[in-house]
Protein chains: 2
Amino acid sequence: MIISDNLKMYVKKLRSSNLRPTKQRLKICQYLFDRDKTFHFTVETLNKKINKNRATKVSLATIYNTVEAFTNAGYLKEILTSKNKSYYDTNIKSHHHFYDEGSKELTDIHYSQIKLSKVPTPPKGKKIKNLEVVIRIQK
Amino acid sequence: MIISDNLKMYVKKLRSSNLRPTKQRLKICQYLFDRDKTFHFTVETLNKKINKNRATKVSLATIYNTVEAFTNAGYLKEILTSKNKSYYDTNIKSHHHFYDEGSKELTDIHYSQIKLSKVPTPPKGKKIKNLEVVIRIQK
DNA sequence: TATCTAGTTTATAATAATTCTAAACTAGAA
DNA sequence: TTCTAGTTTAGAATTATTATAAACTAGATA
Ligand SMILES: [Mn+2]
Ligand SMILES: [Mn+2]
Ligand SMILES: [Zn+2]
Ligand SMILES: [Zn+2]
């Protein structure tokens, strides 16, 4: 995993979405995408991580802007689960989640791990936008 | 549907939950439960309805307090669906929903209308608290 | 029935997450 | 190097919700 290679990749990726590869966006790209496993986060947690032990801070407004831009560009997926906070996911494939009410953390469930053998037809004129299941768990 | 009969019923119901049957709570009971079909609402919509064309207003704080008390008492169920607003449901049975992203409205799906033929086991030490599906729909 | 008090209502303040605003900054085209 | 549209930023504004504390009231008790 050679960082500079990934950096070039992120520059390309951002340009292809008409997003200028600023140092803030690249720093966030590295933090979010230089990893093997899927990553679930809130703006609050991302902000803490990005600005931990770093001289040059990225403003909270930029974290919000960037997460929104990356979501619109399809780099991130928003997971609707909690009533007071938005969750985001680096795994943009269609998949399901466990949501732990205690730790407030999401865990991936592979799409094939849930089989919906019967699904109702949506009301006329409407179509299903998303059928991802969130299973709430607790101790 | 004789209102006074229902009123007596609500008084009993409230007393059985250690909630004093105040005029505000009874008014809200009548609005929420004097109906045949299931009712989905947010605090905002309930507040508007309760205080429409009425001389004596119920404060927003009381609407919040009452919805919370009724939810704790098991008269209402909270539906976690939207990222910025809490939804409540007079249908307290386990069931599923369509959530219309356009109108931001919930519609019931009877429990038997969705069959989950394969469900993953939760992580060790955790158990499933709730497995209700919200299907997001749009035009 | 009058008194008393814990529970309730209410206006208002506080909080938390998010969005908006507008000035300063910068990527990168020309 | 210059220029400008896009970006970052601090801080204000907004929205939903929760907390605070004073006034009110249900209903038990005298
Ligand atoms: Mn919010
Ligand atoms: Mn909120
Ligand atoms: Zn995920
Ligand atoms: Zn429902």
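Just so we're on the same page: letters track the sequence lines, and every chain starts at 1.
Atom CG of B/Asn65 and atom P of C/dT12 are 16 Å apart (whole Å). Taking atom CG of residue A/Asn47 and atom P of nucleotide D/dT8, one finds them 14 Å apart after rounding to whole Å. The interatomic distance linking B/Asn18 (CG) with D/dG27 (P) rounds to 12 Å, in whole Å. For A/Leu60 and C/dC20, the CG to P distance is 15 Å, given to the nearest whole Å. To the nearest angstrom, C1' of C/dT9 lies 14 Å from CZ of B/Phe70. In this structure, the CD1 atom of A/Ile63 is 13 Å from the P atom of C/dT18, given to the nearest Å. For the pair B/Lys48 NZ and D/dT15 C1', the computed distance is 13 Å after rounding to whole Å. Between A/Lys27 atom NZ and D/dT7 atom C1' the separation is 15 Å, expressed in whole Å.
The nearest heavy atom of DNA chain D to B/Glu68 and to B/Leu19 marks one nucleotide each, and the one closer to the 5' end goes with B/Glu68. Comparing B/Val11 and B/Tyr87 along DNA chain D, the residue whose closest nucleotide (by nearest heavy atom) sits nearer the 5' end is B/Tyr87.
A centroid separation of less than 6.0 Å is found between the aromatic rings of B/Tyr99 and B/Tyr87. Aromatic rings from A/Tyr111 and A/His96 are positioned such that their centres are separated by under 6.0 Å.
Between B/Arg25 and D/dA26, a side-chain N or O to OP1/OP2 separation shorter than 4.0 Å is absent. Taking side-chain N and O atoms only, A/Arg15 has no distance below 4.0 Å to OP1 or OP2 of C/dA27. In this model, the phosphate group of C/dT26 is not approached by any side-chain N or O of A/Gln24 to a distance below 4.0 Å at OP1 or OP2. Listed pair B/Thr22 / C/dT9 meets the phosphate criterion, a side-chain N or O lying under 4.0 Å from OP1 or OP2.
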- Message: Using the rule given for side-chain hydrogen bond (donor to acceptor under 3.5 Å, both in side chains), can you reason through A/His40 versus A/Asn91, listing the C-alpha separation, both sets of side-chain angles and the distance that settles it, and then say yes or no?
- Response: CA-CA 8 Å; A/His40 301 106; A/Asn91 180 358; over 6 Å; no
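As judged by a 4.0 angstrom heavy-atom cut-off over every strand, A/Ser86 is placed among residues touching the sugar-phosphate backbone only. B/Thr62 comes within 4.0 angstrom of a base, heavy atoms only. Within the 4.0 angstrom heavy-atom criterion, no nucleotide atom of any strand lies near B/Lys23.
When the nucleotides D/dT7, C/dT9, D/dA19 are ranked by their closest atom to the side chain of B/Ala61, D/dA19 comes out on top. Taking the side chain of A/Tyr64 as heavy atoms from C-beta on, and the options D/dT8, C/dA17, C/dT9, the nearest nucleotide is C/dA17. Picking from D/dT8, C/dT8, C/dT18 the nucleotide with the shortest atom distance to the side chain of A/Ser59 gives D/dT8. For B/Lys85, whose side chain is taken as the heavy atoms from C-beta onward, the closest listed nucleotide among C/dA17, D/dA10, D/dT17 is D/dT17. The side chain of A/Arg20 approaches D/dA5 more closely than any other nucleotide in the set D/dG27, D/dA5, C/dA11.
No side-chain heavy atom of B/Ile28 sits less than 4.5 Å from a side-chain heavy atom of B/Tyr75.
Side-chain contact check for A/Thr56 and A/Lys23: no donor-acceptor pair (N or O, by modelled atom type) lies under 3.5 Å.
The shortest heavy-atom contact between A/Glu132 and A/Asn130 is N-OD1, 3.1 Å.
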